[in-house]
2 protein chains.
Amino acid sequence: MANLELIRELHKSAATKIVLLVIDGLGGLPRTVDGQTELEAAATPNLDRLAEEGTLGLSVPISPGITPGSGPAHLALFGYDPIARPVGRGALEAIGVGLEVRPGDVAARGNFCTLDAQGRITDRRAGRIPSDEAAPLVERLAEVRLEGIEVAVRHVREHRFALVLRGPGLDPAIDDTDPQATGVRPGPARAARPGAERTAELVEAWVRQAQEKLRGEPRANGLTLRGFSTDPDLPPFSETFGLRAGCIAVYPMYRGVAALAGMRVVDFDGETPDDEFRHAARVWGDFDFFFIHMKRPDSRGEDGDFDAKVRAIEEIDAALPALTDLRPDVLAITGDHSTPSQLRSHSWHPVPLLIWAPATVRRDGQRTFGETSCASGGLGVLPATEVLPLLMAHAGRLEKYGA
Amino acid sequence: MANLELIRELHKSAATKIVLLVIDGLGGLPRTVDGQTELEAAATPNLDRLAEEGTLGLSVPISPGITPGSGPAHLALFGYDPIARPVGRGALEAIGVGLEVRPGDVAARGNFCTLDAQGRITDRRAGRIPSDEAAPLVERLAEVRLEGIEVAVRHVREHRFALVLRGPGLDPAIDDTDPQATGVRPGPARAARPGAERTAELVEAWVRQAQEKLRGEPRANGLTLRGFSTDPDLPPFSETFGLRAGCIAVYPMYRGVAALAGMRVVDFDGETPDDEFRHAARVWGDFDFFFIHMKRPDSRGEDGDFDAKVRAIEEIDAALPALTDLRPDVLAITGDHSTPSQLRSHSWHPVPLLIWAPATVRRDGQRTFGETSCASGGLGVLPATEVLPLLMAHAGRLEKYGA
């Protein structure tokens, strides 16, 4: 794990720009027939040129064998120890939609669901109720009050919303009320450890009142909560790394994790790689460090669709010149984790990593960007937490240690 | 080091079987004339096929430059931190021959030796007295009593026996009484730290009485003790990793280290690779995880016999189909450490590692199992403690960490 105290001591300013392009779920497994992974099968002339001019390696998100969720995987790429600083999905989602979550607050993800006359869940996502129907229901939930507690609720999209409680003595150790099944009632908000009982009672009181507000709704007549968590109180990115950092991401969760690290999350319209790179160009003067997140390859991997993941990677490659034309000093391209389409899920396999930095990179003879070339790359196999210090070094942003 | 707390939290059950085949002392150094190591010089068609279908790497037993004993090297492969949890040779040997060693007990290895009229050692191994002569002498030692202390003694083989003391306030910090030299007397059992004085006195009292029992013996008229140690109190393997683990090993020491980790050590007749694999087949339904230990390549390496080590590896390769026919889901083949025949001893060199897991392995283009191919393998160079979490991941036995 990167030694944050050391980095905090050694960072210096420079007129250089670093881009960390995270292609979510980038890593894959070979398709049996030709032995190529999604990344290897994709036609990626731009990535291959960067691989030839740069250096390659494999990044281990958490530790060998550990499959990460998106929260810990991104924290690691941002240089933070994801085990020492667990980050919860509730906090990520709430922050991602612009709610404030401070240390001590309790945040949760909410789902609207459909209940039958006996209160049992018949649809865990309320028929994926459209956003324009769900938003007014969230406004009703926002009317619920709790004695001595500030409550904030915000719609995310479709059947999803985020909830934040703020007040003295709250404890996020609350079990999910989502039973992850139909035919049963939502569970109670139970304290997962001693000391969390009062928070559990407050959440229960909120759920009872919220439930009343939904009475009579045809689809979204119930709700479940999960991912109770608080702000992990990360050392701010700007102080730790000395970088003015901007986040360009479409999905709330990734905007959330960037905000937790203290990056500035910038708003923009659009959702394609082109849109994201165009937006980077517009704010190019505002930041030293750009975290740019691309979601689609992970989604296609989770769908189990090898060819669609190939196309999603090709779409990013095709858009890439808009990013390289900005002439970053250091460009890193990697994933937060692997999502092999054969497994239809995140996996533990190390993630392809490319570092391009014309002035300071030691080339390694690799000519394409893929899992096999990365396994023979000059960076070797390294923990994800070590990537950011490397990028800072290539950007001339770290002093010598010792004399 | 693998985070055992994390593994304990994430392990889940699955209907998969993992085999960890440890070829003791597997790693070697190139023979000058043809530049190949013992493993590379050996004809190993079965290992090479697994290498082609699987992925390779190099395992670092403790840390770079550190040559391990067999105890720490195996603990590391079992996922335990061998520095935080030192394991003593006395405890390993005692447990390996079926004596019980609990935390707080003090165990030691004993050697019969030959003393001259002045009590000086003339033969440190009592002429390697045969087992059938030594066993009755050990029975005499078992008659020695100590006030308030339970004493157990058991014969190991030839001149070797194991001793275990049990009682309140014992401390295993006792210096060896074996001076590792002839022409001098066995040393006293000295306390190696404050607090161990009473234990030292008890051991001295036992040695005095034991010595009396041997008076007049032609060869085994003396004894030395070494490797004083206790049970390292390892978190049990089954709880930590969620695996029903079975050990198939011929030598007491390896059976001992497996027992310390809480594996079930199964008895069987025979001592060849064929015998061991045949036995694995017989108990195939009883376990999720099989630790199978092959001793011979290490012994031949310690003999300094390159060709004999080559043959010992070839013998294992030839027997291998009996193991692969069992169709394990995950098969790892590695060593606990290297034993280059040129050095006639254990060494610090990283150890070849092969992971074969058809459903989830990312191939790396390597086609043979050897030190050079492993250095270019897809797993890179990784600590031995990380091997087991990787095997669990490949076996679908680890949940995702975080959301």
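Each chain gets a letter, A, B and so on, in the order the sequences are listed, and its residues count up from 1.
Contact of A:P350 with chain B is made through backbone and side chain together, with heavy-atom distances under 4.5 Å. Residue A:S345: no heavy atom, backbone or side chain, is found under 4.5 Å from chain B.
Chosen from A:L343, A:I62, A:V60, A:I66, the residue pairing most often with chain B at heavy-atom distances under 4.5 Å is A:I66. When B:G402, B:S376, B:G380, B:G378 are compared by the number of non-hydrogen pairs under 4.5 Å with chain A, B:G402 comes out ahead. Interface summary for chain B: among A:L92, A:V87, A:I83, the most heavy-atom pairs under 4.5 angstrom belong to A:I83. Most heavy-atom pairs under 4.5 Å with chain B, from the set A:L58, A:L29, A:V381: that is A:L29.
Using a distance-only test at 3.5 Å, with no hydrogens or angles considered, no donor-acceptor pair links the side chain of B:Y401 to the main chain of A:A73. A:H349 contributes a side-chain N or O that, together with a main-chain N or O of B:T360, makes up a donor-acceptor pair within less than 3.5 Å.
Taking a 6.0 Å sphere around CZ of B:R244, one finds it holds more than 12 heavy atoms contributed by other residues, nucleotides or ligands. Crowding of B:R367 atom CZ: a count of heavy atoms from other residues, nucleotides or ligands under 6.0 Å not exceeding 12.
Looking at heavy atoms from C-beta onward, A:W348 lies out of side-chain contact with B:P389 at the 4.5 angstrom threshold.
Between A:P64 and the options B:T385, B:L391, B:L390, a side chain to side chain contact (heavy atoms under 4.5 Å, CB included) holds for only B:L390.
For the residue pair B:D364 and A:T372, the shortest heavy atom distance occurs at O-CG2, 4.5 Å. When all heavy atoms of B:A393 and A:G65 are compared, the closest pair comes out as CB-O, 3.2 Å. Residues A:G28 and B:R362 share a closest heavy-atom pair of O-NE, 3.0 Å.
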